[in-house]
Amino acid sequence: MIAAPDRTPLDRAFFDRPVLDVAPDLLGRVLVRKTAHGPIELRLTEVEAYAGPVDPGSHAYRGRTDRNAVMFGPPGHVYVYFTYGMWHCMNLVCGPEGTASAVLLRAGEITAGADLARKRRQTSRRDTDLAQGPARLATALDVDRALDGSDVCPSDPDSSPFQILTGAPPALHTVRNGPRTGVGGEGAAHPWRFWITADPTVSPYRPHAPRKRRS
DNA sequence: AAGCGGATTGTCT
DNA sequence: GACAATCCGCTTG
């Protein structure tokens, strides 16, 4: 049985490059999440690059902590964080080890295991909503802090809850970029959000809005 | 289509 | 103690 060309696993060298090269190159790739009930597959349509300690928008900006330790480790591993008291978001560590850069997975199209994803995302009204937004994406794929540090390039596929496949990358002219969502201050200037033009699963852009204080 | 307020807790100052 | 790489439901246009 010959593997279809678009289902070849990406190797670690793919992630061992500068994060601004990896981020747009991830579009159209297929992330496989292996759950106890079966696989869920996601075709990536929207990502954001976070460039480590030099990037004010990055969780690594103030150095290594227990929470962000995985970002400082080898590329091709998953960094999962918990935010807003409710949600998880998922990143892939990039660049030479120690650069602490990562790509936030913001949105994608569920291409297999939609029944499993729908169970995880009861509030979604259409299938294009299932992974439209980073917290929705993590919810659909049943990702939480327990999976922090998982390898997406395992030598033995059975040893990890994730794998990533080549997929069908879009033509360059269909990839666009702009400011990152929810990032304010100095970090807002960088156009490091990348998405596939006109894809229905891409999340709507929301500019950074400081929250009001409770009275 | 766009704007709002509330939810809810880990993490860092 | 402040706030977060967000989402949802409801309102207005």
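Numbered from 1 within each chain, the chains take letters A, B, ... in sequence-line order.
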Rounded to the nearest Å, what distance is computed from the CZ atom of residue A:Arg136 to the P atom of nucleotide C:dG9? 10 Å
For C:dC8, does either OP1 or OP2 sit under 4.0 Å from a side-chain N or O belonging to A:Arg125? no
Rounded to whole Å, the NE2-P distance (A:His190 to C:dA5) equals 15 Å
A:Arg145, CZ atom: more than 12 neighbouring heavy atoms under 6.0 Å: yes
For the side chain of A:Arg62, counting heavy atoms from C-beta on, which of B:dT8, C:dG9, B:dT13 is nearest? B:dT13
Base paired to B:dT9 (Watson-Crick or G-U; both N/O distances under 3.5 angstrom): C:dA4
With distance as the sole test, does A:Asn91 use its side chain to make a donor-acceptor pair with the main-chain N or O of A:Tyr79 at under 3.5 Å? yes
Please determine whether any donor N or O and acceptor N or O are separated by less than 3.5 Å between the side chain of A:Tyr81 and the base of C:dA4. no
What does A:Gly133 touch in the nucleic acid at a heavy-atom separation under 4.0 angstrom: a base, only the sugar-phosphate, or nothing? sugar-phosphate
To the nearest Å, give me how far apart CZ (A:Arg67) and P (B:dT13) are. 11 Å
So if I take every side-chain heavy atom of A:Ala135 and compare against C:dC7, B:dT9, C:dA5, which nucleotide ends up nearest? C:dC7
Between P on C:dT6 and NE2 on A:His88, what's the gap in Å once rounded to a whole number? 15 Å
Nearest-Å distance, CH2 (A:Trp195) to C1' (C:dA5)? 16 Å
Of the candidate nucleotides C:dT6, C:dA5, B:dT13, which contains the atom at the shortest distance from the side chain of A:Thr181? C:dT6
Separation of C:dT6 atom C1' from A:Glu46 atom CD, nearest Å, is 13 Å
Which nucleotide in the set C:dC8, B:dG10, C:dA5 lies at the smallest distance from any side-chain heavy atom of A:Thr123? C:dC8
Could you check whether atom OH of A:Tyr61 has more than 12 heavy atoms from other residues, nucleotides or ligands sitting under 6.0 Å from it? no
Check every atom of C:dA4, C:dC8, B:dA7 against the side chain of A:Met86 and return the nucleotide holding the closest atom. B:dA7
For the side chain of A:Arg121, starting at C-beta, report the closest nucleotide among B:dT9, C:dC8, C:dA4. C:dC8
Should the ring pair A:Tyr81 and A:His59 be called parallel, tilted or perpendicular, given that the plane angle runs from 0 to 90° and is split at 30 and 60? perpendicular
Salt-bridge contact A:Arg118-A:Asp115 (side-chain N to carboxylate O under 4.0 Å): no
With a 4.0 Å cut-off on heavy atoms, is A:Thr139 in touch with a base, just the backbone sugar-phosphate, or nothing at all? nothing
Could you state the CZ-C1' distance from A:Arg145 to B:dT11, rounded to the nearest angstrom? 10 Å
Less than 5.5 Å between centroids and less than 30° between ring planes, does A:Trp87 satisfy that with C:dT6? no
Rounded distance (Å) that lies between atom P of C:dT6 and atom CG of A:Asn91: 11 Å
